[in-house]
Protein chains: 2
Amino acid sequence: MIDKLEMFIALAREEHFGRAAAAQGVTQPTLSAAIKQLEDQLGVMLVWRGSRYQGLTPEGQRALDWARRIVGDARSLRQEMRAAREGLSGDIRLAVIPTALTVVADLTEGFTDKHPNVRFSVQSKTSIEILEMLENLEIDAGLTYLDNEPLGRVTTVPIYAERYVLVARSGHPLLAGPVAWGDLGDVPLCLLTPDMQNRRIINQHMAEAGVAVEPQIESTSVVVLVSHVLRSNWATILPVRAAEIFLAGDDLGSVPLVKPDASHTVGLVAPHREPFTPVLTALLDRARTLSDIPAAIPTGR
Amino acid sequence: MIDKLEMFIALAREEHFGRAAAAQGVTQPTLSAAIKQLEDQLGVMLVWRGSRYQGLTPEGQRALDWARRIVGDARSLRQEMRAAREGLSGDIRLAVIPTALTVVADLTEGFTDKHPNVRFSVQSKTSIEILEMLENLEIDAGLTYLDNEPLGRVTTVPIYAERYVLVARSGHPLLAGPVAWGDLGDVPLCLLTPDMQNRRIINQHMAEAGVAVEPQIESTSVVVLVSHVLRSNWATILPVRAAEIFLAGDDLGSVPLVKPDASHTVGLVAPHREPFTPVLTALLDRARTLSDIPAAIPTGR
DNA sequence: GCCCCTAAATAGATGTTTCCTATCAAACCG
DNA sequence: CGGTTTGATAGGAAACATCTATTTAGGGGC
C-alpha cells in the first residue's frame, strides 16, 4: 500500500508513467498496475486516462494530499527508528536559494562534528522549487525567504535578515559611499533571473524607487554574476551574506544599498509533521542557535 | 506495511499475541511474523520478548505513535475516497459517557435524513475509555466532558453545559425546592461508579460542600440508578440532559442542585487529524449547530 | 490522409511474499 | 512435576508483485 502511494506521488510529480516508474526503480507496467490497484482499492479514478497522462482527477488530488502525509510519516518512522538504532544518521536533503548558499556552511558547522553519520546533500533551487520539493518529499528542509511570498503549511525558523549591497570592481565610482536604489537607473547590472525570488525583490525595490530594471546579464548563478562584475564595469546587487565570500580579495568592493534599507528574512523551512524526526529536530535546533546572527552591513572599501 | 502497523497497534492494545491476532482476523503465527518483519524492517526491537508479551520497548512506544498516525491517515484516505464515490457513507463509531447518551439523538437527528448511508454505532464508555479508544482508532469520535480532566491532542466541539438535578420519586420531601449540595449529607443516594467522571464530579462538589459521599447503590448505568429511585426513597444526582428522559411521567420529580450552580461542559471529541474526513467534518458541523442549545434547568414538580 | 513515433495498457512467465495448519519450546501455575 | 498458556518455528499452498515482450491508442509531421 505505501509502495503504491509512493508510486502515485511519483506519477503526480513526473506527470508521466514511464519517468515515474524509472524514478521509483520499477518498470512502467509495474507502475501502471500499482496505480490501477490503488484505484481499485479506493474505488475511485485517480488519474485522467487517455493514451497519455492527463493529470489527476479531483479525487486524485485529494488522495495525493493524504498520500504525501502517509508516505512522509512512514519515512519519519523509519528514520526515527534508525536514529534510535545507530544515533543520528542518514542524509539531510537540503534545497537552498542561490543567495543563501553560503549560510549552509553555518548550519553544517558543528553539526557534522556532533553527528558524523549525518550526510548533507545540498542543491541550489528557486524558492518556488523548494516549496514544491518539500511538498513532494524530495527534500527534508529548505533554506529560503520566509516573509515575502506565501509558504504553505511548513515549519519555519528564521536565521537572518537579508540586507543588500552593490558589488562592483574595486575603483568603481559608485563604491565611494552608500548607494540608493533610486541611483541605479543607468548602472549596468548583472542580476539573477526573474524566476528567483531575490530578483523579484530587487525588481520590487527598484520599481518602488522609480527606476527600470534592465540587467545586461541574467543568470541563475551568483558565481556567473560575480565573475562578470570582476571583468568589467558591471555591478551586481547581492545580499550581504552572498557577497561576503567574494569580498576577501582586493578586486571587488561593496557598498550598502539604502533608501530604503531593505531587509527580508531568510530561514529554514521544513514540513510541518509533528513530531519531528530526531535529525530534523537537531537541524531545526541548530538553525535556532544561528537565528541571532546579526547580518552585519559592511561598508565599501 | 500498513497491515503490519495495524497488527502492531492491535498488539499494543491487546497486550497479547493471540488476542491481537484474533482481533485482526489472522492467526497467531501470522501476527508474530508480521511483528518480527516490522522489527527487521525498522532495525529495532519493538516488543520485549520472553515467552509472553512483556510490553513495548521505548522504540516500540515511539513507533506506536507513528503507526497510529499512519494507519489513521490511511483510513481517512479510504473513507474520504468512499465518500467521494458514493456520498457520505460508512459507519461513525461513537463512544459516549452514560450521562450524555440522550444527547446522541440530538446529534443523529437530521444527520441520518441528510446522509442515509451513514450508520452510527454508539457505545457507553467512561471518559477515560473514550480517550483510549480514540487513541487506538477504535472509535471515530466521542461525547464526553471537555473541561474537567486533561484530554490530550484532540479536536473538541462543546455542545452543552451540564447542570445537575436531584431526582427522586414524586412526593419525596426534598423535591419541594432547590437543594444545596451541602444538604445531601444524609440523603440515601444511588450514584454512578467512581470510574465515571460524572461520579468524580459529584464527589468533588459534595466534598467541597463538606458532606461525605456514601451511595448505597453504585452502577455504571443510569437506568439502574433511576429504576432504584422509582422503587424506593433513594435519590440520585443526574445532569439535566440525562434526567429529562425519565421525567416525562408523574412518577419522578427533580429539583436543581444549587450552591454552587455546578456546570461542566460536554461536547464532541475527535482525533486531531487535518484535514478531517468528510463524514467527520459533517459530524463536527452538526455538533456545532447544537452547541448553542441552552441547558434548561427544570424545577421540581 | 497516411505513417511513424511515443505513451500506456495488456499478456504471460517467474519469483517472492504471505498466510495458513501443525508442531514445538519455554515459562508459569497449581 | 504435569498441565496449561503463550509465543516461535516449519513447511506448503495460494496470492501477489514484477519482469519482458507485445499490443493498442493518440498526436504530429509530411
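Just so we're on the same page: letters track the sequence lines, and every chain starts at 1.
- The phosphate of C/dA9 has OP1 or OP2 within less than 4.0 Å of a side-chain N or O from A/S32.
- Atom C1' of nucleotide C/dT10 and atom CD1 of A/I35 are separated by 17 Å, given to the nearest angstrom.
- Looking at heavy-atom distances under 4.0 Å, B/Q37 makes contact with sugar-phosphate atoms alone, never a base.
- Heavy atoms of other residues, nucleotides or ligands lying less than 6.0 angstrom from CD of B/Q37 number more than 12.
- Sequence order on DNA chain D of the closest nucleotides to B/R19 and B/K36 puts B/R19 first from the 5' end.
- Contact between A/F17 and A/S32 at its shortest, heavy atoms only, is CD2-OG, 3.5 Å.
- The nearest whole Å value for the distance from the CE atom in B/M7 to the P atom in C/dC20 is 8 Å.
- Atom-to-atom, CD of A/Q54 to C1' of D/dG27 comes out at 12 Å; the value is rounded to the nearest Å.
- Regarding B/E14, its CD atom lies at a distance of 17 Å from the C1' atom of D/dT5, rounded to whole Å.
- B/D3 places its CG atom 11 Å from the P atom of D/dA17, with the value rounded to the nearest Å.
- Where A/T30 and B/L11 each meet DNA chain D at their nearest nucleotide, the meeting point lying more 5' is that of B/L11.
- At the phosphate of C/dC19, neither OP1 nor OP2 sits under 4.0 Å from any side-chain N or O atom of B/T27.
- A straight line from NE2 of A/H16 to C1' of C/dA9 spans 14 Å, rounded to a whole angstrom.
- Between B/E39 atom CD and D/dG7 atom P the separation is 13 Å, expressed in whole Å.
- In the displayed structure, B/R119 atom CZ is contacted under 6.0 Å by at most 12 heavy atoms of other residues, nucleotides or ligands.
- At most 12 heavy atoms of other shown residues, nucleotides or ligands fall within 6.0 angstrom of atom NZ in A/K36.
- The main-chain N or O of A/L11 is never found under 3.5 Å from a side-chain atom of A/R19 such that the two would form a donor-acceptor pair.
- One can place CZ of B/F17 at 14 Å from C1' of D/dT5, the figure rounded to the nearest angstrom.
- Across D/dG7, C/dA7, C/dC19, the shortest atom-to-atom separation from the side chain of B/Y53 is found for D/dG7.
- Note on A/R49: a side-chain N or O is less than 4.0 Å away from OP1 or OP2 of C/dA9.
- One donor-acceptor pair, N or O on each side, does fall under 3.5 Å between the base of D/dA8 and the side chain of B/Q28.
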